[in-house]
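We count ligands from 1, going down the list as the structure has it; atoms in each ligand are counted the same way. All heavy atoms count here, side chains included; hydrogens, waters and symmetry mates do not.
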Amino acid sequence: MSEPPKRRRIFVAGLTPARKIGAAEDSVPSPATAPFLIGHGYDIHRLQTGGKLLLGGVVVSEEVSADAHSDGDVILHAVTDAILGAMALGDIGQHFPPADPKWKGVASRVFVEDAYQRARRAGYALVNLDITLMLERPKVAPYRDDILRSLRQMFAARGTINLKAGTNEGCDAV
Ligand code: MG
């Protein structure tokens, strides 16, 4: 006959029961006081024939373009979301709703600059930006330096900025 399972307790080091009650609030960093913040951004758009494809504020093709409400710059949209995420300020769609005609065709650097200004007003500056771009075509290697230069300009040359570009080996949505 097997013994009934022993009741197990899980202890969280350093947290008293009183602290546990407030743990949910305590775990949310205050943008005004946290020593540094990290954000993550992601974006994807379909490509369509014609128009201009913008990446990081640079035209990399005049044969295909992103099917998007704004200029469809996936790098700048992801960077905007990363900044907003770091600041716990929601996402790009909340600040620049695609349904709002005000943002139709707007250059995406406006989104990055707006998000970054919010961070600057809270006392933060860019430390580093690491971007991974997945694209089958066109090849972006010839535009890498231009894209980095464009991004550095948006952040007034603050922080280190890196761009990694690859294909998705012909798989999936990319
Ligand atoms: Mg987008």
Side-chain angles (χ1 to χ4, degrees), residues 29 31 36-122 124-174:
F36 66 88
L37 301 164
I38 294 171
H40 177 248
Y42 171 85
D43 194 25
I44 187 167
H45 281 276
R46 290 174 194 274
L47 289 179
Q48 60 190 1
T49 307
K52 289 180 181 176
L53 180 63
L54 275 145
L55 290 172
V58 173
V59 176
V60 302
S61 172
E62 297 199 18
E63 288 165 5
V64 292
S65 60
D67 182 1
H69 187 76
S70 66
D71 65 8
D73 193 319
V74 286
I75 289 182
L76 298 190
H77 293 180
V79 169
T80 302
D81 256 351
I83 298 168
L84 293 173
M87 300 295 296
L89 288 174
D91 62 43
I92 190 170
Q94 281 174 263
H95 292 269
F96 313 101
D100 188 339
K102 186 177 163 187
W103 305 116
K104 185 161 175 60
V106 157
S108 296
R109 66 177 300 144
V110 169
F111 307 153
V112 172
E113 285 167 356
D114 181 277
Y116 191 51
Q117 281 312 309
R118 287 168 194 271
R120 296 294 290 142
R121 284 198 292 273
Y124 289 91
L126 182 75
V127 174
N128 78 296
L129 187 58
D130 184 25
I131 298 160
T132 304
L133 174 71
M134 308 303 291
L135 186 69
E136 297 287 344
R137 60 182 159 71
K139 294 294 170 206
V140 293
Y143 301 97
R144 184 191 297 265
D145 289 346
D146 288 344
I147 294 170
L148 288 173
R149 200 173 300 119
S150 164
L151 290 165
R152 284 192 199 105
Q153 205 182 39
M154 284 174 223
F155 291 98
R158 276 183 183 270
T160 57
I161 301 179
N162 185 52
L163 173 63
K164 309 185 298 292
T167 70
N168 214 25
E169 299 292 342
C171 303
D172 202 35
V174 175

Of all N, O or S atoms in H77, the one closest to the Mg ion (ligand 1) is ND1

Answer key: the N, O or S atom of D43 nearest to the Mg ion (ligand 1) is OD2

Distance only, no hydrogens: is a donor on one side chain within 3.5 Å (strictly under) of an acceptor on the other, for D71 and S108?
yes

Using a distance-only test with no angle check, is there a side-chain donor-acceptor pair under 3.5 angstrom linking S70 and H77?
yes

The Mg ion (ligand 1) to nearest N/O/S of D73 less than 2.8 Å:
no

Please enumerate all residues that pass salt bridge (charged side-chain N to carboxylate O under 4.0 Å, His left out) together with D130, with sequence neighbours excluded.
K164

Applying side-chain hydrogen bond (donor to acceptor under 3.5 Å, both in side chains), name anything that partners S65, two or more places apart in sequence or on another chain.
Q48

